[in-house]
Amino acid sequence: MALHTRDGGLVMPNAWDGLSALMLADAGFEAIATSSAALATTLGRSDGRHEVTRGEHLEHARLLGRLTGLPVNGDFEDGYGDTPEDVAATVEAAVASGLAGIGIEDTSGNPDQPIRDFDEAVNRIRSAVEAAKGRIVVTGRTDNFIQGRPDLDDTIRRLTAFAEAGADVLYAPYPPDLDALVAIVTAVAPTPVNVLISPADKVLTVAELQKAGVKRISLGPALYTHAMEALEQATKALVAGDLTAATTGISFERISELLARGTN
């Protein structure tokens, strides 16, 4: 939690496998996170539809932590369960697995009604906090903006209630613009706010986000999709017969070096 309350906060990139986690650790990042979207995609499944199990995500998070020795925040969707008791069980399992943080969304996994009712969402965060007992950083997240509900007032209402329920960090991915982001940060202060890359309308710098009062910056699946873009370009080169362009990348010696660090 100290990383969130210091001047400037932290940048917490999201890894998707052992090597990506080791690369982030080698670059000097002090904490990393899982990405539910990237994890689901690597398994050939959809994110936010209860297609990845709690056990699979816990095993994935343990791998990242074991290889890097860094604090790991679990991007655990809606807490993997229908009831507040299920959410509490997920938090207990995350603590037992050595995670440093866990995010709980107000999503439902139901595309017809993707956001849970206010009271239900708050009760689930309260249950997570009670299970955490201060042993793990709990992030309360509302997905209003990315689920087609551009309601700033309701977003602030939910985040404020999550803070009152004891959430350590608050998170609303992709507020529409900087003014909305500042409004969120101001409304929930002094509880730290996480931002996913930037507001929806413009990608800002780390310094600009820090100036706005953001305490944690995460990237979700962005690094994963960046890597997949490179793979797509390589496959296009291969189809065109350009073996040089298709096979230019990080050396396997470098990969072996990183893997060796993770096993020491």
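None of these values were measured; they are calculated from a predicted model.
- Residues Phe29 and Met12 are not in side-chain contact: their nearest non-hydrogen atoms beyond the backbone lie 4.5 Å or more apart.
- Here the closest non-hydrogen pair linking Leu223 and Pro13 is CD1-CB, 3.9 Å.
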Check the pair Leu10 / His4 against side chain to side chain contact (heavy atoms under 4.5 Å, CB included), numbers first and verdict last.
CA-CA 6 Å; Leu10 75 154; His4 297 77; 4.0 Å; yes
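- Here the closest heavy-atom approach between residue Ala165 and residue Ile125 is recorded as CB-CG2, 4.3 Å.
- The pair Arg158-Asp106 meets the salt-bridge criterion, since a charged nitrogen lies less than 4.0 angstrom from a carboxylate oxygen.
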Carefully, step by step, assess Asn14 and Asp75 under the rule side chain to side chain donor-acceptor pair (under 3.5 Å).
CA-CA 9 Å; Asn14 306 68; Asp75 177 27; 5.3 Å; no
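- In this structure a side-chain-to-backbone donor-acceptor pair under 3.5 Å is missing from Thr186 to Ala183.
- One distance of note links CG of Leu99 with CZ of Arg135; it measures 12.5 Å at 0.5 Å rounding.
- Ion pairing of Asp143 with Arg141 is present here, as a side-chain N (NZ or NE/NH1/NH2) and a carboxylate O approach within less than 4.0 Å.
- Under the 4.5 Å side-chain contact rule for hydrophobic residues, Val185 and Val169 do not share a cluster.
- Side chains of Phe145 and Pro175 form a contact here, defined as non-hydrogen atoms less than 4.5 Å apart.
- Here the side chains of Thr68 and Leu24 are not in contact, with every heavy-atom distance at 4.5 Å or above.
- In this structure, Ser218 contributes its side chain and Gly220 its backbone to no donor-acceptor pair below 3.5 Å.
- With hydrogens and angles ignored, the 3.5 Å screen pairs a side-chain donor or acceptor of Glu208 with a backbone N or O of Thr205.
- We find that Arg126 and Glu164 are not joined by a salt bridge, their nearest charged nitrogen and carboxylate oxygen being 4.0 Å or further apart.
- Between the side chain of Asp242 and the backbone N or O of Thr244 there is at least one donor-acceptor pair closer than 3.5 Å.
- Shown here for Thr191 and Ala167, the closest heavy-atom pair between the two residues is CG2-O, 3.9 Å.
- Although no hydrogens or angles enter the test, the distance criterion places a donor-acceptor pair under 3.5 Å between the side chain of Gln210 and the main chain of Gly8.
- Of all the heavy atoms in Glu51 and Ser46, the pair that sits closest is OE1-N, 2.8 Å.
- Cluster membership check: Leu63 does not share its hydrophobic cluster with Val95, using side-chain heavy-atom separations under 4.5 Å among Ile, Leu, Val, Met, Phe, Trp and Tyr.
- Using a 4.5 Å cut-off on side-chain heavy atoms (C-beta onward), Arg54 and His57 make no contact.
- Linking Ile, Leu, Val, Met, Phe, Trp and Tyr whenever their side-chain heavy atoms come within less than 4.5 Å puts Leu178 and Val195 in one cluster.
- Judged by distance alone, with hydrogens and angles left aside, the side-chain atoms of Asn73 form a donor-acceptor pair with the main-chain N or O of Ile102 at under 3.5 Å.
- Taking the side chain as every heavy atom from C-beta outward, Ile115 and Gln147 approach each other to under 4.5 Å.
- Enclosure of atom NZ in Lys202 is not indicated, since only 12 or fewer non-hydrogen atoms of other residues, nucleotides or ligands lie within 6.0 angstrom.
- A salt bridge links Arg6 to Glu30: one of the charged nitrogens lies within less than 4.0 Å of a carboxylate oxygen.
- By the 4.5 Å heavy-atom criterion applied to side chains, Asp78 and Ile104 are not counted as neighbours.
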Between Asp86 and Arg124, is the salt bridge (Lys or Arg N to Asp or Glu O under 4.0 Å) condition met? List the steps.
CA-CA 9 Å; Asp86 293 330; Arg124 292 166 71 85; over 6 Å; no
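- Under a 4.0 Å N-O distance rule, the pair Arg157/Asp151 does not qualify as a salt bridge.
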Show, in sequence, the C-alpha distance, side-chain angles and deciding distance for Tyr224 and Thr42, and conclude whether the side chain to side chain contact (heavy atoms under 4.5 Å, CB included) test is met.
CA-CA 10 Å; Tyr224 173 72; Thr42 64; 3.9 Å; yes
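- A donor-acceptor distance shorter than 3.5 angstrom exists from the side chain of Glu56 to the backbone of Thr53, with no hydrogens or angles considered.
- Considering all non-hydrogen atoms of both residues, Ala161 and Phe118 come closest at CB-CZ, 3.6 Å.
- When atom types are taken as modelled, the side chain of Thr90 and the backbone of Gly79 share a donor-acceptor pair closer than 3.5 angstrom.
- The backbone N or O of Gly109 sits nowhere less than 3.5 Å from a side-chain atom of Thr107 that would complete a donor-acceptor pair.
- Under 4.0 Å is where a charged nitrogen must lie from a carboxylate oxygen, and between Glu59 and Arg62 no such pair does.
- Separation of atoms CD (Gln233) and CG (Leu238) is listed at 13.0 Å; rounding is to 0.5 Å.
- Of the residues listed (Thr160, Thr142, Ile156, Leu159), the one engaging Leu170 in a side chain to side chain contact (heavy atoms under 4.5 Å, CB included) is Leu159, and it is the only one.
- Between the CD1 atom of Ile217 and the CG atom of Asn194 there is a distance of 8.5 Å, given to the nearest 0.5 Å.
- With values rounded to the nearest 0.5 angstrom, Asp17 atom CG is found 8.0 Å from His60 atom NE2.
- Residues Ile250 and Leu231 are members of separate hydrophobic clusters, defined by side-chain heavy-atom contacts under 4.5 angstrom among Ile, Leu, Val, Met, Phe, Trp and Tyr.
- Pro192 has its side chain out of reach of Asp168: every pair of non-hydrogen atoms, C-beta onward, lies at least 4.5 Å apart.
- Between Ile197 and Leu209, the shortest heavy-atom distance links the atoms O-CD1, 3.2 Å.
- Residue Leu64 holds its CG atom at 9.0 Å from CG of Leu39, rounded to the nearest 0.5 Å.
- Interatomic distance, Leu219 CG to Ser35 OG, rounded to the nearest 0.5 Å: 10.0 Å.
- There is a path of hydrophobic side-chain contacts, each under 4.5 Å, that joins Tyr80 to Val138.
- Pro221 is not listed as a side-chain neighbour of Thr41, based on a closest heavy-atom distance of 4.5 Å or more.
- Remark: the backbone N or O of Pro84 is paired with a side-chain donor or acceptor of Ser127 at under 3.5 angstrom.
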